[in-house]
Amino acid sequence: TQMLIQLTAVALNGLVSIIIPALNEEFGIQKTISSIPITEIRNTFGYDVEILVIDGNSTDLTRDVALKAGAQVIVEKQPGYGRAYKTGFAAAKGDIIITLDADNTYPAEFITQYIKLLNECNTDFITINRFADIEEGAMSITRKVGNKTLALLISLLYSISIKDSQSGMWIMKRNFISKIRLNSDDMSMSEEIKIIAFKFFSSLEIDGAYRKRTGAAKLDIIQHGWKNMKYLFAYKKHLRSALKPLTVSNKEIHLESNLT
């Protein structure tokens, strides 16, 4: 069940949609939204910006804080990180879609440079590598080892080389999202979307940054790490259906290249 609380964005010469999934992030959401360089994006590209906070039925003041900060808020009562993003992608109207976490860990202040890179390189999908610049204490050793293990598995299973398998800051074109099917409703959607992007589209992993979170952590590292690992093996059978069929003259052509 989804509830649209506020609609504000109006397109200028284009629109950038910034999607932020949130669950009880009243202490981090305002900092996250305020770090988005809306004026710089407008002045540089002539794009308007819509900020979509996909709230997982928070019990704190997350929704109120997000609304006061200028975001649109959509309540998604079905649980899951991937479910929140599916809801956000469906609601987003932008030509360019960007994702952030709600805890102020990602470098939103560099969004303008990332959009410029997306346009200049004519690429479909960019993910940032947090390991290039991690603030001390922002990520535990357990998380680092788990991430690298999952990245190695992605390389072995899918022949894709990425350094940060679990990064949640992505910069992508609407055309990319409109062509793919996402399966996972959980944290494993982060690795799934990268597999699809690097297997079938023009994609880049670029150096980024990662800060200490604002607010209490809620992630069960061991549980989610194990689920993500199992998903990498299970997803092999879903890969052929990752792309939506392209309809040409009433005939469906399935894009199945690069599957091996």
Side-chain angles (χ1 to χ4, degrees), residues 2-9 16-38 41 49-92 94 96-111 114 127-128 130 134-135 137-140 143 147 164 166-172 177 182 184-191 193 208-221 224 228:
Q2 303 159 17
M3 178 174 59
L4 190 59
I5 296 182
Q6 182 182 3
L7 286 172
T8 56
V16 175
S17 298
I18 299 175
I19 302 175
I20 309 172
L23 177 62
N24 296 327
E25 295 286 1
E26 63 181 352
F27 299 110
I29 191 64
Q30 195 278 331
K31 288 183 179 180
T32 301
I33 293 171
S34 64
S35 69
I36 297 169
I38 296 174
I41 294 169
V49 178
E50 66 170 5
I51 300 171
L52 306 176
V53 171
I54 313 303
D55 180 74
N57 209 23
S58 294
T59 55
D60 64 0
L61 298 175
T62 297
R63 293 191 291 275
D64 293 336
V65 174
L67 287 168
K68 289 177 182 176
Q72 304 172 38
V73 175
I74 301 173
V75 176
E76 173 53 83
K77 293 186 178 180
Q78 293 187 52
Y81 177 84
R83 169 52 57 185
Y85 271 125
K86 288 177 184 178
T87 299
F89 291 147
I96 293 171
I97 298 172
I98 298 169
T99 63
L100 294 170
D101 284 357
D103 54 9
N104 195 41
T105 49
Y106 286 103
E109 61 272 17
F110 296 140
I111 283 176
Y114 296 158
T127 181
I128 73 158
R130 296 171 294 173
I134 300 182
E135 181 181 0
M139 188 182 295
S140 68
R143 286 182 64 191
N147 192 316
D164 186 355
Q166 305 302 307
S167 171
M169 185 174 186
W170 317 316
I171 304 91
M172 69 200 95
I177 285 295
L182 291 167
S184 176
D185 282 343
D186 298 321
M187 295 295 296
S188 49
M189 201 208 77
S190 179
E191 55 201 23
I193 199 170
Y210 195 63
R211 298 182 288 253
K212 289 182 182 178
R213 77 168 355 262
T214 301
K218 294 174 285 293
L219 189 66
D220 185 324
I221 304 300
H224 281 97
N228 286 354

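Values below: every heavy atom of this structure, side chains too, minus hydrogens, waters and symmetry copies. Just so it is clear, the structure is predicted and the values come from calculations on it, not from any experiment.
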* To do: Determine whether Ile29 and Thr214 make a side-chain contact, defined as any pair of heavy atoms from C-beta on separated by less than 4.5 Å.
  => no
* **Check: Thr62/Asp60 side-chain N/O donor and acceptor closer than 3.5 Å** => yes
* Arg83 CZ to Leu182 CG distance, which is reported to the nearest 0.5 Å -> 10.5 Å
* Under-4.0 Å salt bridge between Arg130 and Glu135 -> no
* Go through the steps to decide whether Ile20 and Leu52 satisfy the test side-chain contact (heavy atoms from CB on, under 4.5 Å), and finish with yes or no. => CA-CA 6 Å; Ile20 309 172; Leu52 306 176; over 6 Å; no
* Asked: With a 4.5 Å limit on heavy-atom distance, are the side chains of Asn24 and Thr59 in contact?
  -> yes
* Thr127 vs Asp164 side-chain heavy atoms within contact, under 4.5 Å -> no
* **Exercise: identify the closest heavy-atom pair between Met189 and Ser184** => N-OG, 3.4 Å
* Asked: Is the closest side-chain heavy-atom distance between Met169 and Tyr114 below 4.5 Å?
  -> yes
* Heavy-atom side-chain proximity of Arg213 to Glu25 below 4.5 angstrom -> yes
* To do: Please check if any side-chain donor atom of Glu76 sits under 3.5 Å from a side-chain acceptor atom of Thr87, or the reverse.
  => yes
* Asked: Between atom CE of Met187 and atom CG of Asn228, what is the distance when rounded to the nearest 0.5 Å?
  -> 7.0 Å
* Asked: Under the ring-ring contact (aromatic ring centres under 6.0 Å, His included) test, which residues partner Phe27, sequence neighbours left out?
  -> none
* Partner residues of Asp101 under the side chain to side chain contact (heavy atoms under 4.5 Å, CB included) criterion, sequence neighbours left out -> Tyr81, Tyr85, Asp103, Thr105, Tyr106
* **Which residues share a side-chain hydrogen bond (donor to acceptor under 3.5 Å, both in side chains) with Ser58, sequence neighbours left out** => Asp55
* Structure fact -> In this structure, CD of Glu50 is separated from CD of Gln72 (nearest 0.5 Å) by 5.0 Å
* Check: Thr99 and Met172 side chains under 4.5 Å, non-hydrogen atoms -> yes
* Criterion side chain to side chain contact (heavy atoms under 4.5 Å, CB included) against Ile41, the qualifying member of Ile96, Val49, Ile98 -> Val49
* Quick one: salt bridge (Lys or Arg N to Asp or Glu O under 4.0 Å) partners of Lys86, sequence neighbours excluded? -> Asp185
* Using side chain to side chain contact (heavy atoms under 4.5 Å, CB included) as the criterion, point out the one residue from Val65, Ile51, Asn104 that pairs with Ile33. => Ile51
* So which heavy atom on Ile74 is nearest to which on Ala91, and how close? -> CD1-CB, 3.5 Å
* **Sequence-distant partners of Glu109, salt bridge (Lys or Arg N to Asp or Glu O under 4.0 Å), two or more places apart** => Arg211
* Structure fact -> Residue set satisfying side chain to side chain contact (heavy atoms under 4.5 Å, CB included) with Ala108, at least two apart, ordered chain then number -> Ser35, Ile36, Leu100, Ile111
* Which pair of heavy atoms, one from Ala22 and one from Val53, lies closest together, and at what distance? -> CB-CG1, 4.0 Å
* Dump the intermediate steps for side-chain contact (heavy atoms from CB on, under 4.5 Å) on Ile54 and Phe89, then the final yes or no. => CA-CA 10 Å; Ile54 313 303; Phe89 291 147; over 6 Å; no
